[in-house]
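Note that this is a predicted model, so its numbers are computed, not measured. Numbered from 1 within each chain, the chains take letters A, B, ... in sequence-line order.
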There are 2 protein chains.
Amino acid sequence: MEMIINQIEKEYGPLSSDCKNEIIKHIHFLTFKKGEIIVREGQYSDKIYFIVEGAARAYYLVDGKDVSDYFAFENEFISSIISFFGHQPSPHYIELVQDSIVIEVSRKSFDTLSKRFHDFEHLIRIVVTKVMLQQQERISSILFQSAEQRYKHILSIRPDIIQRVPLKHIASYLGMTLETLSRVRNPKT
Amino acid sequence: MEMIINQIEKEYGPLSSDCKNEIIKHIHFLTFKKGEIIVREGQYSDKIYFIVEGAARAYYLVDGKDVSDYFAFENEFISSIISFFGHQPSPHYIELVQDSIVIEVSRKSFDTLSKRFHDFEHLIRIVVTKVMLQQQERISSILFQSAEQRYKHILSIRPDIIQRVPLKHIASYLGMTLETLSRVRNPKT
DNA sequence: GTTATCATTTGATCTATATCAAATTCAGGT
DNA sequence: ACCTGAATTTGATATAGATCAAATGATAAC
């Protein structure tokens, strides 16, 4: 537990011990098996998750097709952002892609902690800012880069991802089909 | 001035009067003519702008092509988010698309106010969260919708935009060429 | 070891949208 | 009103990547 909070502080900035103690009262540990779905499309999800161990994936189902939108690994947060932050029905599913240990925080706890602790509010601001910056990158990469460039880019920034999730999920995350990804990986001899 | 702060509170949530007074000390009013460029590619921009009157546009120049990324109108913020929030050289230019009155806040002021006032930190969190939610929508719209659907969607959520910015900027914002936008607007008779 | 299931590759077409090019319409300045 | 350059439309062609289909390869259960 100490260790986890340490990780959070390391990644996102320091917290007062007062705040840390209070956080501990508000969170729940959960364990999930690979393949379990923790958020479904249409659901109002008011939980945000922090991956202690394992990996999770948010995806859309658009006319039957599974399109990955976000991956989270150790020490990262995941939620249906439209639902958790936008108070709307989730367009996403979220599933665990490995057996995992996660921390769950409800929006209620989240709001209570934000209101009470300036440093928690700051932490959240940093978390949200990071997501915003990643999305900005993602938008320009979809808009300006070819399938091949996008693949090379993800390889360069997250080389581990290839090991941990099947290619079909990577393909849809990169906005291309599985076939195109395969061709990009095995350039015509 | 009162009015502006009122608008901000209305849009993003209340502020203590203590905080409001301090904000006033930190901001600058600026006026710009249509066409003026206030941020250039490559620059470390540590300013965020709030549009009091007029309109601004953030855009990329990718091998000579002007690609709009963001529009801001009255009571909206604009900055080079990569530079202001990510402390990196700006990939964007920002220009005023009409004669405008804007408020400028430096990152230094921004950080000072965030540190000092819990409610300012909260305000920023809300601003950033809104951008994140918009970007999320933008990503799914680029990924899942046809050129025609994207155009209809923007018409439905920002009908005013068509009046205020030339079509070429809208086209590139929607991730299509000017010609495609024109065809989408005038379906083959 | 054999079978069944899933992941990946390879091949042949198809399609939405880009690109290139030219014609038309519009708006501000004189 | 007339001119000039910008904005928009229209047309013909090209292309990256999608789609459809089938083959191959890997993994795990039995």
Below 3.5 Å between N/O atoms, which protein atoms pair up with nucleotides 27-30 of chain C? Just atom names and distances, please.
none

Whole angstroms only, please: what is the CG-P distance between B:Leu167 and C:dT24?
20 Å
Gap between atoms CD and P, on B:Gln163 and D:dA7 respectively (whole Å)
16 Å
Send over the distance from B:Leu174 CG to C:dA18 C1', rounded to a whole Å.
16 Å
What is the bend of the helix from C:dG1-D:dC30 to C:dT30-D:dA1 when you compare the axis at one end with the axis at the other, using five pairs each and rounding to 10°?
40°
Tell me if a side-chain donor or acceptor on B:Ser45 pairs with a main-chain N or O of B:Ser80 at a distance below 3.5 Å.
no
Would you tabulate the pairs of protein nitrogen or oxygen atoms and nucleotide nitrogen or oxygen atoms of nucleotides 20-23 of chain C closer than 3.5 angstrom?
| unit_1 | atom_1 | unit_2 | atom_2 | d |
| --- | --- | --- | --- | --- |
| C:dC20 | N4 | B:Glu179 | OE2 | 3.0 |

Electrostatic pair B:Glu148:B:Lys152 at N-O distance under 4.0 angstrom:
yes
State whether the side chain of A:Ser156 and the backbone N or O of A:Ile154 hold a donor-acceptor pair below 3.5 Å, judged by distance alone.
no
Between the side chains of A:Glu74 and A:Arg164, is the shortest nitrogen-to-carboxylate-oxygen separation below 4.0 Å, so that they form an ion pair?
yes
Any donor-acceptor N/O pair, B:Glu137 side chain to B:Gln134 backbone, under 3.5 Å
no
Would you indicate what B:Leu178 reaches in the nucleic acid, counting non-hydrogen atoms under 4.0 angstrom: base, sugar-phosphate, or nothing?
base
Below 4.0 angstrom, N of the basic side chain to O of the carboxylate: do A:Glu36 and A:Lys33 qualify?
no
Rounded off to whole Å, could you give me the CG-to-P distance for the A:Leu143 and D:dA16 pair?
18 Å
Scan nucleotides 13-17 of chain C against the protein and return all N/O pairs shorter than 3.5 Å with their distances rounded to 0.1 Å.
| unit_1 | atom_1 | unit_2 | atom_2 | d |
| --- | --- | --- | --- | --- |
| C:dT17 | OP1 | B:Ala147 | N | 3.0 |

Between N or O atoms, less than 3.5 Å apart, protein on one side and nucleotides 22-27 of chain D on the other: list the pairs.
none

Between atom CZ in B:Arg185 and atom C1' in D:dT10, what is the gap in whole Å?
14 Å
With salt bridge (Lys or Arg N to Asp or Glu O under 4.0 Å) as the rule and sequence neighbours excluded, what pairs involving residues 90-102 of chain A come up?
A:Arg57-A:Glu95
Assess whether a salt bridge exists between B:Asp111 and B:Arg116, defined as any Lys/Arg side-chain N lying under 4.0 Å from an Asp/Glu carboxylate O.
no
B:Leu181 CG to C:dT19 P, in whole Å, measures 15 Å
Please confirm whether the backbone N or O of A:Arg125 pairs with a side-chain atom of A:Thr129, one donor and one acceptor, at under 3.5 Å?
yes
Step-by-step side-chain hydrogen bond (donor to acceptor under 3.5 Å, both in side chains) determination, B:Ser109 to B:Ser106
CA-CA 5 Å; B:Ser109 294; B:Ser106 70; 3.2 Å; yes
Can you spot which of A:Phe110, A:Phe77, A:Tyr44, A:Tyr49 makes a ring-ring contact (aromatic ring centres under 6.0 Å, His included) with A:Phe84?
A:Phe110
Where the side chain of A:Glu9 meets the backbone of A:Asn6, is there a donor-acceptor pair that is under 3.5 Å apart?
no
Can you check the A:Ile162 CD1 to C:dA7 P distance for me, whole Å?
15 Å
Atom pair distance, as rounded to whole Å: CG in B:Asp63 and P in C:dA18:
15 Å
